[in-house]
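Chain letters run A, B, ... following the sequence lines, proteins first and then strands; every chain starts at 1. Side chains are part of it too, since the values below use all heavy atoms of this structure and drop only hydrogens, waters and symmetry mates. What you are looking at is a predicted structure, and each value in this text was computed from that prediction instead of being measured.
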Amino acid sequence: MEIKIATWNVNSVRARLPVIIRWLNKEQPDVLCMQELKATNEQFPFDVFENLGYHCQVNGQVRWNGVAIISRLPISDVETDLSGFLPEQKRMISASVHGIKLINVYVPNGGEVSNPRFQEKLEYYQVLRNYALKFNKPTIILGDFNVAPNDIDTHSPEEQNGSICFHPLEREEINLFHSAGFTDVFRKLHDDEKAFTWWDYRAASFRRNRGMRLDLVLVNKAAENLITSCVIDKAPREWEKPSDHTPVIFVFKVSE
DNA sequence: ATGGCCGGGAAGCCCGGA
């Protein structure tokens, strides 16, 4: 049996609802992890997704942030507390689906490198890593990491080096995930493909393909060899009223 | 060749995003 899982920063679940529905109908994922809901739990359109056959687990807040897991398979062991870190910012929801631990994250952007929020962003990676290491089962951290890990993951590495989402200190945090046993599965399966998941709304960035690969799927050793594919679906970035991010889809093979 | 956006909540602007 194969489970099709996706991650997508939708940039407002309410503004994006027609695009999300169209995409679910096209791709038929078993699980979709969403970030940047920009909605409270009360504002989340449960009925729409439930009518499409999805159970919904939501960690929302007013105006900013917010994450959700929707799944056609049963969801259990839901957690929304990331070790007590930044409790007022709803950026994480984890759950078990068919024996797999999914940790859905929206890492802080950090503002500018000079901003105090940048240090908070660096700390977020460390807290997330320690949180992920506590699960003794196939574990997948997926979502918007707000960093392009390497030169190949951004449009102009020389010009962007040191700026937000491509700072050496941020990229080093991704290396520390690797040291902790987590593999960037898209990069493992496509070692020389320059592919992006985000393009700025401004400056015709999508048409000029000035993007970054900010949305990652990191898997531990117990999960690594069970993933048979991982692709970036650029299609919904071309649709009317798109998110500035596009989905990353992977397939997980399970027994029975 | 170049680059001028988008969303929410409160209010007719501001903050945040990356």
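Taking side-chain N and O atoms only, A:R208 has no distance below 4.0 Å to OP1 or OP2 of B:dA1. Considering only side-chain N and O atoms, A:R207 lies nowhere under 4.0 angstrom from the phosphate OP1 or OP2 of B:dG4.
Residues A:M92 and A:V127 are members of one and the same hydrophobic cluster, defined by side-chain heavy-atom contacts under 4.5 angstrom among Ile, Leu, Val, Met, Phe, Trp and Tyr.
Atom pair A:K241:NZ and B:dG7:C1' shows a separation of 8 Å (rounding to whole Å applied). The distance from atom CZ of A:R210 to atom P of B:dG4 is 11 Å, rounded to the nearest whole Å. The CD-P distance, from A:Q43 to B:dG7, rounds to 15 Å in whole Å.
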Using a 4.0 Å heavy-atom cut-off, write out nucleotides 12-18 of chain B from 5' to 3' as B (base contacted by protein), S (sugar-phosphate only) or - (no contact).
--BBBBB

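Here the separation of B:dA18 from B:dG7, taken at their C1' atoms, is 15 Å to the nearest Å. On the P atoms, B:dG16 is 15 Å away from B:dA10, given to the nearest whole Å.
With hydrogens and angles left out, the side chain of A:R14 and the base of B:dG7 share no donor-acceptor pair within 3.5 Å.
The other residues sharing a hydrophobic cluster with A:F206 are A:F196, A:W199, where clustering joins ILVMFWY side chains under 4.5 Å apart.
Between A:Y124 and A:F85, the ring planes lie tilted relative to each other; the angle falls in the 30° to 60° range. The aromatic rings of A:Y125 and A:F177 sit perpendicular to each other, their planes meeting at more than 60°, with 30° as the lower class boundary.
The main-chain N or O of A:N109 is never found under 3.5 Å from a side-chain atom of A:R117 such that the two would form a donor-acceptor pair.
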A:T183 and A:H178: CA distance, side-chain angles, deciding distance, side-chain contact (heavy atoms from CB on, under 4.5 Å) verdict:
CA-CA 6 Å; A:T183 299; A:H178 297 153; 5.8 Å; no

